[in-house]
Amino acid sequence: MSDMMTTQAGDPGAFRDFDLSRVPSPCFVVDKAAVERNLKVLKDVSDRSGCQVLAALKAFSMFALAPLIRQYLPGTCASGIYEARLAREEYGGEVVTFCAAYKDAEIDEIIALSDHVIFNSPAQKDRFLAKCQAAGVQVGLRINPEHSVGEIAKYDPSAPCSRLGTPISQLTPEALKGVDGIHIHTLCEQGIDPLLRIWSAVEFKLLPYFNQLKWINFGGGHHITRADYDRDVLIHLLKDIRTKYDIDVIIEPGEAVALDAGILVGEILDTTHNSMNIAITDISATCHMPDVIEAPYRPALLGETDSGHTYRLGGPSCLAGDVIGDYTWDQPLQIGQRFAFLDQAHYSMVKTNTFNGVPLPTIALWDSTNDDLRIIKQFSYSDFKTRLS
């Protein structure tokens with residue numbers, strides 16, 4: 001596989017002892033206890049810093065856990081009309097919506113569903129400002145800090161020629177007319193240091209505008225629930241901004257809600273040899289884990305060994321590049337053998353598709369504290385067919 005591919009770390013947690021044969025294959029299995037553990041960390045950050053922590057539905061939209069999330073977080077952020085509707089219907093609380101551009105046909109419903117509507121450009125803000133103000137909805141403007149901290153260009157909102165956010169060099173009093181808050185989303189699964197660099201790059205440039213702003217929203221990408229994340233530094237930063245500028249602070253973690261809280265269970269369908277051992281599985285990178293190809297990255301395997309029998313795992317689709325990666329077991333693989341990829345609750349679940357008619361994975365909810373296991377959703381041919389007619 002390419003040397004450019006990063007390897008996901010992945011903490012198996014309680015899944016070390018989970019019997020993979022208990023669920024259909026393929027299947028996402030989410031550990032409720034692990035999600036709650038993450039939520040407790042996020043609430044602690046909120047309580048100690050005084051900032052508002054919202055769950056980003058773009059990363060994790062498993063609304064079977066909405067009642068649990070409501071216990072710890074005051075709301076959600078959405079990236080368009082369907083997520084905003086899901087947020088209002090299933091999660092309640094605060095709903096903050098950002099989209100790169102809004103359609104005339106959808107803006108009224110988005111305003112009705114949202115507490116904050118964040119615009120990508122001053123032109124769209126000006127176009128819909130009166131409607132937002134008439135509805136009592138707060139208005140935000142996304143800022144591009146023109147300071148890149150992204151590790152992967154395609155996931156870096158501050159990359160050259162980015163379509164996301166108003167470049168901070170173009171910020172004027174007119175651009176911020178009627179704006180209640182600004183949105184700065186630049187991170188992608190990163191620690192505290194990139195956020196500190198972003199704040200250092202923008203703070204002075206924003207000084208002329210703080211007296212008119214009610215809030216600043218630092219978006220998502222904060223890996224707050226990762227073991228090595230320096231939460232004390234984050235809390236100090238957020239408290240300092242709040243007190244120094246008398247402004248509310250919002251963050252919108254997504255993957256941090258479900259980090260290391262889910263696996264994707266698969267099954268070996270066939271093994272072949274073509275200069276190396278190859279195994280065909282019922283998990284498709286292109287259909288079930290598209291970020292494996294897009295990033296690219298190598299998902300961590302439950303129970304992988306350092307030496308033994310190495311196989312290149314690929315999916316059942318016709319795409320030649322439907323390859324997950326090279327993995328090693330201590331024994332040769334057997335047809336029907338189960339395996340699982342770690343840390344698949346966030347992004348993988350929300351990005352699945354039915355290319356080639358490949359079936360969607362079942363979704364199961366497990367509670368590692370009492371071993372309760374429930375099948376939340378099983379998909380069928382009708383899910384594939386109804387998308388096409």
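No hydrogens, no waters, no symmetry mates; every other heavy atom, side chains included, goes into these values.
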Check against side-chain hydrogen bond (donor to acceptor under 3.5 Å, both in side chains), Ser61 and Glu83: CA-CA 8 Å; Ser61 299; Glu83 282 189 3; 4.7 Å; no
Donor-acceptor contact present, side-chain [X] to main-chain [Y], <3.5 Å:
{"X": "Ser49", "Y": "Val45", "value": "yes"}
{"X": "Gln190", "Y": "Cys188", "value": "yes"}
{"X": "Thr243", "Y": "Asp240", "value": "yes"}
{"X": "Asp383", "Y": "Ser380", "value": "yes"}
{"X": "Arg231", "Y": "Ile224", "value": "yes"}
{"X": "Thr354", "Y": "Gly357", "value": "no"}
{"X": "Arg70", "Y": "Leu65", "value": "no"}

Are any of the side-chain nitrogens in [X] or [Y] under 4.0 Å away from the carboxylate oxygens of its partner?
{"X": "Asp232", "Y": "Arg48", "value": "yes"}
{"X": "Arg127", "Y": "Asp104", "value": "yes"}
{"X": "Asp115", "Y": "Arg88", "value": "yes"}
{"X": "Lys43", "Y": "Asp47", "value": "yes"}
{"X": "Asp248", "Y": "Arg242", "value": "no"}
{"X": "Arg226", "Y": "Glu255", "value": "no"}

With distance as the sole criterion, is a donor-acceptor pair present between the side chains of [X] and [Y] under 3.5 Å?
{"X": "Ser21", "Y": "Arg338", "answer": "no"}
{"X": "Asn144", "Y": "His147", "answer": "no"}
{"X": "Thr310", "Y": "Thr328", "answer": "yes"}
{"X": "Ser114", "Y": "Thr97", "answer": "yes"}
{"X": "Ser284", "Y": "Thr286", "answer": "no"}

[X], [atom1]: over 12 other non-hydrogen atoms inside 6.0 angstrom:
{"X": "Lys154", "atom1": "NZ", "answer": "yes"}
{"X": "Asn370", "atom1": "CG", "answer": "yes"}
{"X": "Arg85", "atom1": "CZ", "answer": "no"}
{"X": "His309", "atom1": "NE2", "answer": "yes"}
{"X": "Tyr155", "atom1": "OH", "answer": "yes"}
{"X": "Tyr82", "atom1": "OH", "answer": "no"}

Indicate the atoms forming the closest heavy-atom contact of [X] with [Y], along with that distance.
{"X": "Glu252", "Y": "Ala56", "result": "O-CB, 3.6 Å"}
{"X": "His288", "Y": "Pro290", "result": "C-CD, 3.5 Å"}
{"X": "Asn120", "Y": "Ala100", "result": "CB-O, 3.2 Å"}
{"X": "Val350", "Y": "Lys58", "result": "CG2-O, 3.2 Å"}
{"X": "Tyr347", "Y": "Asp291", "result": "CB-OD2, 3.8 Å"}
{"X": "Asn356", "Y": "Cys318", "result": "OD1-N, 2.7 Å"}

Check whether any side-chain heavy atom of [X] sits under 4.5 Å from a side-chain heavy atom of [Y], and report yes or no.
{"X": "Pro299", "Y": "Gln344", "result": "yes"}
{"X": "Gln52", "Y": "Pro74", "result": "yes"}
{"X": "Ser307", "Y": "Asp330", "result": "no"}
{"X": "Leu342", "Y": "Leu301", "result": "no"}
{"X": "Arg163", "Y": "Pro157", "result": "no"}
{"X": "Ser162", "Y": "Asp156", "result": "no"}
{"X": "Thr166", "Y": "Arg142", "result": "no"}
{"X": "Met276", "Y": "Asp326", "result": "yes"}

Approximate separation, where rounding is to 0.5 Å, of [X] [atom1] and [Y] [atom2]:
{"X": "Ser200", "Y": "Leu195", "atom1": "OG", "atom2": "CG", "value": "11.0 Å"}
{"X": "Ile216", "Y": "Ile251", "atom1": "CD1", "atom2": "CD1", "value": "12.5 Å"}
{"X": "Ile268", "Y": "Gln334", "atom1": "CD1", "atom2": "CD", "value": "10.0 Å"}
{"X": "Thr271", "Y": "Leu313", "atom1": "OG1", "atom2": "CG", "value": "11.5 Å"}
{"X": "Asn38", "Y": "Thr225", "atom1": "CG", "atom2": "OG1", "value": "4.0 Å"}
{"X": "Ile363", "Y": "Arg374", "atom1": "CD1", "atom2": "CZ", "value": "12.5 Å"}

Aromatic ring proximity, centroids under 6.0 angstrom, Tyr327 and Phe339: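 Distance test on ring centres: not under 6.0 Å, no.
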Side chain to side chain contact (heavy atoms under 4.5 Å, CB included) evaluation trace for Val139 with Lys131: CA-CA 10 Å; Val139 172; Lys131 285 189 173 187; over 6 Å; no
Grouping I, L, V, M, F, W and Y whenever their side-chain heavy atoms are under 4.5 Å apart, do [X] and [Y] come out in a common cluster?
{"X": "Val233", "Y": "Val149", "answer": "yes"}
{"X": "Met349", "Y": "Ile324", "answer": "yes"}
{"X": "Leu187", "Y": "Leu57", "answer": "yes"}
{"X": "Leu213", "Y": "Val96", "answer": "no"}
{"X": "Tyr311", "Y": "Val292", "answer": "yes"}

ring-ring contact (aromatic ring centres under 6.0 Å, His included) partners of residues 162-221, not counting sequence neighbours, each pair once: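 Non-adjacent pairs meeting ring-ring contact (aromatic ring centres under 6.0 Å, His included): Phe98-His183, His116-Trp215, Trp199-Phe218, Phe210-Tyr245.
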What side-chain donor-acceptor pairs closer than 3.5 Å can you find for residues 25-36, not counting sequence neighbours?
unit_1, atom_1, unit_2, atom_2, d
Ser25, OG, Glu267, N, 3.3
Ser25, OG, Asp282, OD1, 3.4
Ser25, OG, Asp282, OD2, 2.6
Asp31, OD1, Ala33, N, 3.0
Asp31, OD1, Ser368, N, 3.1
Asp31, OD1, Ser368, OG, 3.2
Asp31, OD2, Ser368, OG, 2.8
Glu36, OE2, Tyr72, OH, 2.5

Geometric class of the Phe119/Phe128 ring pair [parallel <30°, tilted 30-60°, perpendicular >60°]: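 If you compare the ring of Phe128 with that of Phe119, the planes turn out parallel.
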Asp246 and Lys214: CA distance, side-chain angles, deciding distance, salt bridge (charged side-chain N to carboxylate O under 4.0 Å, His left out) verdict: CA-CA 8 Å; Asp246 190 24; Lys214 298 177 182 176; over 6 Å; no
